[in-house]
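Just so you know, these numbers use all the heavy atoms, side chains as well, and skip hydrogens, waters and symmetry mates.
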Amino acid sequence: MAIRADSVGSHLRRLAVALLACAPLLANAQGYAPRPQDRVSEAQNPAPVAASASTPLTNLPGRERRSLNGKWQALVDGYADGIGEWKAVWKDRTATGKTQFFEYGFDDSVTLDVPGDFNTQRPELNWLEGSVWYRKTFEYDAAAARRKGRRLFVHFGAANYRADVFLNGEKLGSHEGGFTPFQFELTGRVKPGENRLLVHVNNERRKDGIPAKGFDWFNYGGLTRDVDLVETPGTYIQDYSLQLAPDSLRRVDGWVQLAGTAPRQTVRVRIPELGVEVRAEAGADGRAPLRFEAPFALWSPTQPKLYRVEVSTPEESLQEDIGFRSIAVRGDALLLNGEPLFLRGVNFHEEIDGRRAHSEADAQRLLEQAKQLGANFVRLAHYPHNEHLLRLADRMGLLLWQEIPVYQGIDFAAAGMQAKLDAMLAEMIGRDRNRAAVIVWGIANETSPGPARNAALSALAQQARRLDPSRLISAAFYGPGFDGGTLTVSDPLVAALDVVGINEYFGWYTPWPVEPEQAVWKPFGKPLLITEFGAEARYGHHGADDVASAWNEEFQAEFYRKQLRMLARIPFLRGAAPWVMMDFRSPVRMHPFQSGYNRKGLLSERRERKLAWQVIHDYYAEVGR
Ligand code: GCU
């Protein structure tokens, strides 16, 4: 594929050309008194061209693609007014001659690394909640592609929180949501020679956002994940589902989805190691349902077996490593491949070394820590993590709970909220539906019952089940009620779920309602996971184990010993996940002992083990026996 992403050198070349031109043009320095003709209304800033937005391609590693990762030109637009006002940053103008100068131009701007949050790349951006404009140029042989009927897409792993994308001054569209992939088609819009891709990213928190304005993690903004150009044939394999049917350990009930002008094609799926080769015909809608059986070595944490799968049409062939396993609920039992399962879990955010994690190396370091703890399960808090981590979890044999950031104060009654919830859920499930490691789709965290919330989340649970009948649907709730005798879980949303997550902080946020040894939980007929429990301690701080305000490691360790005495008494408990594996940055944790970090980690942010780490490690060694 004849694509060449720009280097810093190419914009220096452009600058040299501009200087040589030296056309004595009227000074066009952008003062602060915008000239009327410079004012660009939103109307002039073209509305998104719906045709260019398309369902994100899956299995990027298996496709014909060119990474646009690396250094991008960047303009900081701190008050977020560069998109429609007189600055008209999206016009991406280049100064020519000695007298022209664009204060808001890219030619001599700073650069930022993509992928990566912008907050931690430049000290002046640390607390920015505003807009950054990114620009990358690339060359592409559009004529050759056209002759071969090839199509070109730009695919973003994520951009937090809103993104507006332009190509050569033309707006392609926008995306809302900071943790799921999106893409736009460039076919017919790329030109010979240099093309200019512009992305406006704004990370301001929004009342009608998902998450809304309040959350307990750092609001890293920017192009936080990989960006790729992807080339496909005229009709291409958009995505596919190849997972075991919910009631079988041998049968795959799947489908392949084609997109393009000639959808009626024969699709072939091969798994050479098992001698599987099946064909199916895609209909006018491009969908090719398929069903086959095979003697799979089932994927599990102890045997994370992946098979090389090939999905092909007459025009293209994709390969991917996929694991096959069954996850199910029977009464209040959790079954993996038909066997009882206990989830030795831990939570962590997508953060390492004080920045947004994004690479395979980052994923390796995070998942290794979970393995060292003795975990077989990770709850990816509180949003979909980068795809590198999920593919690595497949290989390492770690089970995952993945959720969309429907976190606490969501405005469920806001106009368009259900559509936003559905879109974000579909983007998460669409990307990861073939990752054996994912066993739970989480649809909410600590939302309070109410008519709008109950309706929205019950509908979302149904949407999740429709999109993926092979996995469990859950949500994490605030702590249980206490009726003076027993601890009770009573939320109307429970009825819509397969598994219930409870976040309880007895001994930290709330006093123990009873002594742990006397605690009795009332069964509710479904598996229970304690999805969060934890207390804060500052690494290296030691002293009494019964004084909460001392931030001692001893207090945190004793907190967990007491908690485990209660968990041992819950017959329908099927898993536990301490909150949290590692201290993480949060602007709402500014106590002097926290200094901008939530200190409930079993590890410090430098991955130093606190005393509580050993308590959980020993517990998992015991239950995992
Ligand atoms: C909540 C919430 C977490 C938060 C934690 C805490 O349960 O889900 O996101 O960090 O409590 O207060 O530390």
Problem set entry | Over-ring placement of Lys305 relative to Tyr307, 6.0 Å and 45° cut-offs | yes
[Y] backbone acceptor or donor facing [X] side chain under 3.5 Å:
X	Y	value
Asp208	Ala414	no
Gln402	His385	yes
Ser474	Val440	no
Thr488	Ser490	no
Tyr620	Gly345	yes
Asn69	Val227	yes
Asn376	Phe342	yes
Thr235	Ala262	yes
Glu532	Glu504	no
Asn59	Gly62	yes

Exercise. Do the two ring centres, one from Phe524 and one from Phe572, sit under 6.0 Å apart?
Worked result: yes
Exercise. Under 6.0 Å between the ring centres of Tyr236 and Phe153?
Worked result: yes
Any heavy-atom pair between the side chains of [Y] and [X] that's under 4.5 Å?
X	Y	value
Arg150	Glu64	yes
Phe296	Val252	yes
Val256	Arg287	no
Arg270	Val309	no
Asp332	Lys526	no
Val494	Phe477	yes
Leu60	Asp228	yes

Closest heavy-atom contact between [X] and [Y]?
X	Y	answer
Asp498	Arg465	OD2-NH1, 2.9 Å
Leu421	Ile404	O-CD1, 4.1 Å
Asp216	Phe584	O-CE1, 3.0 Å
Ala475	Ile443	CB-CG1, 4.1 Å
Leu244	Ser326	CD1-N, 4.1 Å
Pro384	Met428	CG-SD, 3.7 Å

For this session: From the options Tyr220, Tyr383, Tyr407, Phe156, select the one residue that forms a ring-ring contact (aromatic ring centres under 6.0 Å, His included) with Phe179.
Result: Tyr383
Problem set entry | Result of checking Trp401, Phe215, Phe348, Trp579 against His382 for ring-ring contact (aromatic ring centres under 6.0 Å, His included) | Trp579
How many angstroms lie between [atom1] in [X] and [atom2] in [Y], if you round to the nearest 0.5 Å?
X	Y	atom1	atom2	value
Asp239	Gln257	CG	CD	6.5 Å
Leu460	Ile473	CG	CD1	9.0 Å
Ser300	Asn337	OG	CG	6.5 Å
Asn434	Ser470	CG	OG	9.0 Å
Leu242	Glu320	CG	CD	8.5 Å
His358	Arg225	NE2	CZ	11.0 Å

Between the side chains of [Y] and [X], is the shortest nitrogen-to-carboxylate-oxygen separation below 4.0 Å, so that they form an ion pair?
X	Y	answer
Asp491	Arg453	yes
Glu277	Arg279	yes
Arg355	Glu350	no
Arg433	Asp468	no
Glu176	Lys420	yes
Arg162	Glu204	no
Glu129	Arg206	no
Arg431	Glu427	no
Arg395	Glu360	yes
Arg151	Glu231	no

Using a distance-only test with no angle check, is there a side-chain donor-acceptor pair under 3.5 angstrom linking [X] and [Y]?
X	Y	result
Ser174	Asp164	yes
His388	Asp226	yes
Glu185	Ser54	no
Asn445	Gln408	no
Asn503	Glu446	yes
Asn160	Asn203	no

For this session: Going by the side chain to side chain contact (heavy atoms under 4.5 Å, CB included) test, name the single residue among Val154, Leu186, Leu198 that passes it with Leu167.
Result: Leu186
Problem set entry | Residue Lys371 excluded, over 12 heavy atoms near NZ under 6.0 Å | yes
For this session: Take atom CZ of Arg308 as the centre, draw a 6.0 Å sphere, and report whether it contains more than 12 heavy atoms from other residues, nucleotides or ligands.
Result: yes
Problem set entry | Step-by-step side chain to side chain contact (heavy atoms under 4.5 Å, CB included) determination, Leu343 to Leu529 | CA-CA 8 Å; Leu343 297 174; Leu529 305 180; 3.8 Å; yes
For this session: Check the pair Gln265 / Glu281 against side chain to side chain contact (heavy atoms under 4.5 Å, CB included), numbers first and verdict last.
Result: CA-CA 6 Å; Gln265 297 191 16; Glu281 296 306 316; over 6 Å; no
Exercise. What's the verdict on side chain to side chain contact (heavy atoms under 4.5 Å, CB included) for Val500 and Val489, showing C-alpha distance, side-chain angles and the deciding distance?
Worked result: CA-CA 9 Å; Val500 172; Val489 174; 4.1 Å; yes
For this session: Kindly indicate, with the supporting measurements, whether the criterion side chain to side chain contact (heavy atoms under 4.5 Å, CB included) is fulfilled by Asn386 and Leu389.
Result: CA-CA 6 Å; Asn386 66 82; Leu389 187 134; 4.1 Å; yes
